[in-house]
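A note on names: the letters A, B, ... follow the listed sequences, proteins ahead of strands, and every chain is numbered from 1.
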Amino acid sequence: MATAAIKRMMPDDFQFVAEFPERATDEPALVIDVEGFEGPLDLLLMLARQQKVDLAKISIMALADQYLAFIEEARKLRLELAADYLVMAAWLAYLKSRLLLPDQHAPEGMSAEDMATALAQRLRRLEAIRQFAEQLLNRPQLGRQVFARGLPEPIAEIKKPEWSATLYDLLSAYAGRRQTQARSFVRMPKRTVWSLAEARAAVERLIGQAADWCALDEFLMAYMVEPSLATTVRASSFAASLELVREGRMEMHQHAAFAPLYVRKRRDQGEAGPGVELGNP
Amino acid sequence: MRTSVAKMRVIEGNKKDTEARAEELRILEALLFAADEPLDEKVLAARLPAGVDAHALLAELQKEYAPRGVNLVRVGGKWSLRTAADLAWLLTREMVVTRKLSRAAIETLAIVAYHQPVTRAEIEDIRGVTTSKGTLDVLLETGWIRLRGRRKAPGRPVTYGTSEAFMSHFGLDAIGDLPGLDELKGAGLIEQSLPSGFSMPVPSDDPALRDDEDPLEPGDLDLGLAPRADQTEE
Amino acid sequence: MRTSVAKMRVIEGNKKDTEARAEELRILEALLFAADEPLDEKVLAARLPAGVDAHALLAELQKEYAPRGVNLVRVGGKWSLRTAADLAWLLTREMVVTRKLSRAAIETLAIVAYHQPVTRAEIEDIRGVTTSKGTLDVLLETGWIRLRGRRKAPGRPVTYGTSEAFMSHFGLDAIGDLPGLDELKGAGLIEQSLPSGFSMPVPSDDPALRDDEDPLEPGDLDLGLAPRADQTEE
């Protein structure tokens with residue numbers, strides 16, 4: 001009988017009926033799954049729908065009765081009710097009592113009618129939001145009913161360099177480089193060393209043209225225009241001369257220390273001996 | 001003679017105009033086809049020759065595409081090409097089965113959409129039931145709702161609102177296009193239980209915070225919006 | 001009377017055919033648009049009403065899209081909608097990246113400025129280091145130096161000079177405005193104590209070829225100025 005009472009409260013067109021599985025069981029407590037309701041307001045809304053009137057014109061008194069009856073049934077069935085269902089039941093019992101008694105004085109400032117209206121308003125709001133949630137979900141949704149481009153072509157970023165350099169960068173780089181180069185230039189001497197080979201060639205040329213003794217320095221003058229070259233020209237040609245003398249191809253002569261050196265081609269092959277003569281010829 | 005030359009010039013001018021128009025439409029078309037998200041009118045205008053009325057051009061393109069299998073729609077104030085809704089039957093076979101949202105989540109989403117900016121307590125007040133943290137998390141995960149700010153009220157609760165992804169997913173151009181919004185407004189059902197000075201009867205997804213909202217603090221976003229580790233694979 | 005009814009039937013039939021055709025095209029369009037890979041003719045045919053010649057329909061759709069911003073193309077025997085090739089530029093965004101020239105490049109540039117017309121060997125001689133091909137390429141890319149001609153010398157090396165872009169970038173009115181030795185010394189860029197014999201040329205960028213320069217040959221410019229393939233990555 002209890003089951004019948006609860007079933008009576010849920011008309012066939014109640015849309016959530018489907019959510020309560022029809023279980024082939026004789027356990028009546030499971031016919032209604034209170035968990036199936038989203039809280040006391042949801043339950044109230046379901047009950048209110050049974051009144052089949054505009055929620056604005058709903059009888060809160062009747063609704064309170066139904067809710068309290070429902071809770072009563074549930075208790076008889078020893079269903080575990082969450083605390084908020086009981087809180088709502090207590091509140092509705094209180095509201096009912098105030099609606100029944102003529103409101104002599106409003107202790108909390110809110111009349112019973114106001115409270116009833118507020119509850120009706122809350123129910124309407126929940127009803128509305130549910131209705132529109134459904135409408136929202138019935139809209140064509142992206143990826144369900146409508147589809148975006150399956151093969152989007154992403155925009156490629158092309159990096160275009162913009163070079164930066166200032167005139168200062170330019171000048172300091174140039175000055176710096178030229179300066180370092182100029183320095184390294186001097187240190188890595190353009191030190192034109194007169195190589196022995198050069199000197200020898202020059203001396204050979206000299207004795208080739210000269211018929212008799214001639215002063216080496218005078219001849220070398222031509223190569224010593226650059227003062228910095230004087231030492232290397234003199235040293236190399238002296239070394240080259242010594243070598244030519246040792247080979248017996250030249251004679252050298254100096255009348256005193258630091259006096260000018262004279263050279264000539266060796267004439268007499270027979271006159272062997274030291275090619276360097278000191279003293280006057 | 002003179003008139004005919006003038007006439008010819010006009011015709012030539014028109015021809016040039018038509019050609020230019022066609023080229024502009026081609027450009028719009030190419031951009032919209034290539035894009036993987038709805039495009040702003042500004043972004044589109046920037047790619048068109050200077051002085052072209054992008055808005056009028058888009059309207060023309062929209063009209064051209066209206067009878068076709070692909071339509072040009074406005075979502076969240078931006079433009080996007082989408083398959084025609086009536087061809088859903090054709091394409092749903094290919095659709096990726098997305099997780100169905102729970103009733104609680106759908107209701108919560110609707111409340112956020114119609115009542116934004118809204119706090120969790122306000123959502124609970126409307127639903128008459130406590131909202132589990134999980135429900136809001138699931139919605140944040142879909143990317144359809146977002147944390148907006150904090151209500152200037154005791155406890156400084158976080159306010160929720162819908163995102164651009166929400167608009168794009170449900171094909172809404174503006175929040176005012178929500179179904180039944182006018183009905184809700186008319187019935188006075190949209191008002192929130194706000195301090196009287198703050199009553200704002202119309203939902204708004206304007207990113208600008210309302211007077212009764214404070215900005216989020218740096219940590220807030222980490223809590224709610226950061227993708228969870230197990231989500232990146234999806 | 002009978003004939004007219006028959007005629008009407010034919011017209012209606014045609015109309016129905018046209019409508020059916022349009023619907024088939026819509027279906028193709030939507031399928032191709034939403035697909036995330038090029039589609040096979042077989043796959044497409046399977047989605048069309050039985051008996052429809054998918055191949056002919058595709059050809060028709062291809063023709064329809066041919067003048068538009070998006071074209072229907074065949075890739076690997078399958079069909080796909082793609083942005084028209086001539087609109088590829090739309091799908092690129094140029095980002096200006098400011099880059100600093102390397103020290104080698106700045107030195108080389110300065111040497112070209114002061115010593116132009118100058119060959120690579122001469123630049124190397126002045127810098128005392130080998131100049132990589134890349135350095136000159138970067139400078140050519142900046143547009144600040146240009147190939148002038150070829151030196152009348154063994155190997156006929158290319159001569160480099162500065163361009164107008166160089167002048168405008170560095171705010172020079174004439175190349176002669178580049179500071180000379182005394183000015184550089186005055187600015188503290190060169191120390192007073194320099195080996196004697198240190199000299200700086202008086203720069204000149206007269207476009208007229210010098211006596212020791214030959215004009216460039218047609219191929220020279222291609223070789224030097226075309227951006228190298230591996231360069232865009234830099």
Side-chain angles (χ1 to χ4, degrees), chain A residues 15-16 18-19 34-46 48 54-56 67 82-85 87-88 91-92 117-156, chain B residues 30-38 70-71 73 75 80-92 94-98 101 103-104 106-111 113-115 124-130 165-166 168-172 177-181 183-184 187-191 193:
Chain A
Q15 65 165 19
F16 297 139
E19 285 181 18
V34 181
E35 294 298 311
F37 290 102
E38 293 264 337
L41 209 57
D42 186 23
L43 176 54
L44 267 177
L45 189 58
M46 186 276 283
D54 186 340
L55 275 177
Y67 185 89
D84 45 355
Y85 287 87
V87 169
M88 178 61 89
W91 188 82
L92 284 172
T117 314
L119 178 60
Q121 185 80 349
R122 277 187 78 186
L123 289 173
R124 283 177 63 205
R125 195 163 60 173
L126 182 59
E127 167 104 356
I129 215 73
R130 288 206 172 145
Q131 189 190 330
F132 295 130
E134 206 174 303
Q135 284 188 25
L136 188 65
L137 290 178
N138 283 337
R139 285 182 69 86
Q141 292 177 56
L142 185 65
R144 295 198 187 166
Q145 287 83 24
V146 297
F147 295 82
R149 180 80 196 271
L151 271 175
E153 295 161 75
I155 291 196
Chain B
L31 285 171
L32 289 162
F33 256 89
D36 56 358
E37 52 183 8
V70 175
N71 300 155
V73 295
V75 280
S80 186
L81 284 167
R82 302 262 166 107
T83 55
D86 68 311
L87 293 176
W89 60 270
L90 177 74
L91 299 156
T92 35
E94 272 172 25
M95 97 186 193
V96 190
V97 182
T98 38
L101 287 179
R103 201 156 75 93
I106 291 168
E107 254 178 53
T108 305
L109 174 64
I111 292 170
Y114 286 86
H115 294 265
E124 290 179 352
D125 184 57
I126 293 168
R127 296 190 61 227
V129 72
T130 11
F166 169 83
S168 169
H169 184 87
F170 290 99
L172 294 164
D177 294 346
L178 281 172
L181 189 62
E183 276 175 70
L184 278 180
L189 292 174
I190 217 79
E191 275 102 329
S193 41

Could you list the residues that satisfy ring-ring contact (aromatic ring centres under 6.0 Å, His included) with A/Y67, not counting sequence neighbours?
none

Any side-chain to backbone donor/acceptor pair from B/R82 onto A/A148? Under 3.5 Å, distance only.
no

Give me the atom names and distance for the closest heavy-atom approach of B/A113 to B/F166.
CB-CZ, 3.8 Å

Using a strict 4.0 Å threshold on nitrogen-to-oxygen distance, state whether B/E107 and B/R103 make a salt bridge.
yes

Salt bridge present between A/R122 and B/D125 (N-O < 4.0 angstrom):
yes

Top of A/N138, A/L137, A/L44, A/L136 for chain B proximity - count of heavy-atom pairs under 4.5 angstrom
A/L136

Are A/L119 and A/L41 close enough, and set up right, to give a side chain to side chain contact (heavy atoms under 4.5 Å, CB included), and what steps lead you there?
CA-CA 9 Å; A/L119 178 60; A/L41 209 57; 4.2 Å; yes

If you count heavy-atom pairs under 4.5 Å with chain A, which of [options] comes out on top?
{"options": "B/L32, B/L172, B/N71", "value": "B/L172"}
{"options": "B/A104, B/S80, B/A30", "value": "B/A104"}
{"options": "B/T130, B/L181, B/D36, B/T83", "value": "B/T83"}
{"options": "B/D86, B/L81, B/I106, B/V75", "value": "B/I106"}

So, the part of B/E37 with a heavy atom under 4.5 Å from chain A: the answer is neither

If I measure from the heavy atoms of chain A, does B/A85 come under 4.5 Å with its side chain, its backbone, both, or neither?
both

